[in-house]
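Every heavy atom of this structure was used, including side-chain atoms; hydrogens, water molecules and symmetry mates were not.
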Amino acid sequence: MTRYGYEPGFCKLLHYNGLWRVEYEGFPGHFKKVRMACTCMKDGCDKDCEVFETVPDIKASDMEWYLRDEDGNIV
């Protein structure tokens with residue numbers, strides 16, 4: 001199951017703070033970060049994205065309500 005979180009942080013490429021989309025894969029109780037899924041992403045900028053580095057590898061189960069599906073609906 002694919003879900004998305006929106007994490008605050010600074011984008012080196014765009015030079016401003018914003019909410020950046022992070023893709024998670026898994027199932028309730030175990031969602032693991034996969035990649036940045038921002039529409040502004042280009043030239044592999046997700047590989048050294050500071051926001052991606054600061055996001056926990058696995059989303060805490062009590063924070064899963066924060067994840068959304070492709071249409072923006074809460075899990």
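Trp20 is not listed as a side-chain neighbour of Cys49, based on a closest heavy-atom distance of 4.5 Å or more. For the pair Glu7/Leu19, no side-chain contact is recorded, criterion being any heavy-atom separation below 4.5 Å from C-beta on.
Of all heavy-atom pairs spanning Leu13 and Cys45, the tightest one is CD2-SG, 4.0 Å. Here the shortest heavy-atom pairing between Ser61 and Gly29 reads CB-CA, 4.4 Å.
With rounding to the nearest 0.5 angstrom, the CZ atom of Phe27 is 13.5 Å from the CZ atom of Arg3. A distance of 10.5 Å separates CG in Asp46 from CG in Asp43, rounded to the nearest 0.5 Å. Here the straight-line distance linking atom CE of Met63 with atom CD1 of Ile58 works out to 15.5 Å at 0.5 Å rounding.
Pairs passing the salt bridge (Lys or Arg N to Asp or Glu O under 4.0 Å) check and including a residue from residues 8-21, sequence neighbours excluded, read Lys12-Glu50, Arg21-Glu70.
Hydrophobic cluster membership is shared by Leu14 and Met41, with clusters built from Ile, Leu, Val, Met, Phe, Trp and Tyr side chains linked at under 4.5 angstrom. Both Tyr24 and Met1 belong to a common hydrophobic cluster when Ile, Leu, Val, Met, Phe, Trp and Tyr are linked at side-chain heavy-atom distances under 4.5 angstrom.
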Side-chain donor-acceptor contacts of residues 33-40 below 3.5 Å, not counting sequence neighbours, with atom names and distances?
from  : atom 1 : to    : atom 2 : distance (Å)
Lys33 : NZ     : Phe52 : O      : 2.7
Lys33 : NZ     : Val55 : O      : 3.0
Lys33 : NZ     : Asp57 : OD1    : 3.3
Arg35 : NE     : Glu23 : OE1    : 3.1
Arg35 : NH2    : Glu23 : OE1    : 3.1

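When atom types are taken as modelled, the side chain of Asp71 and the backbone of Asn73 share no donor-acceptor pair closer than 3.5 angstrom.
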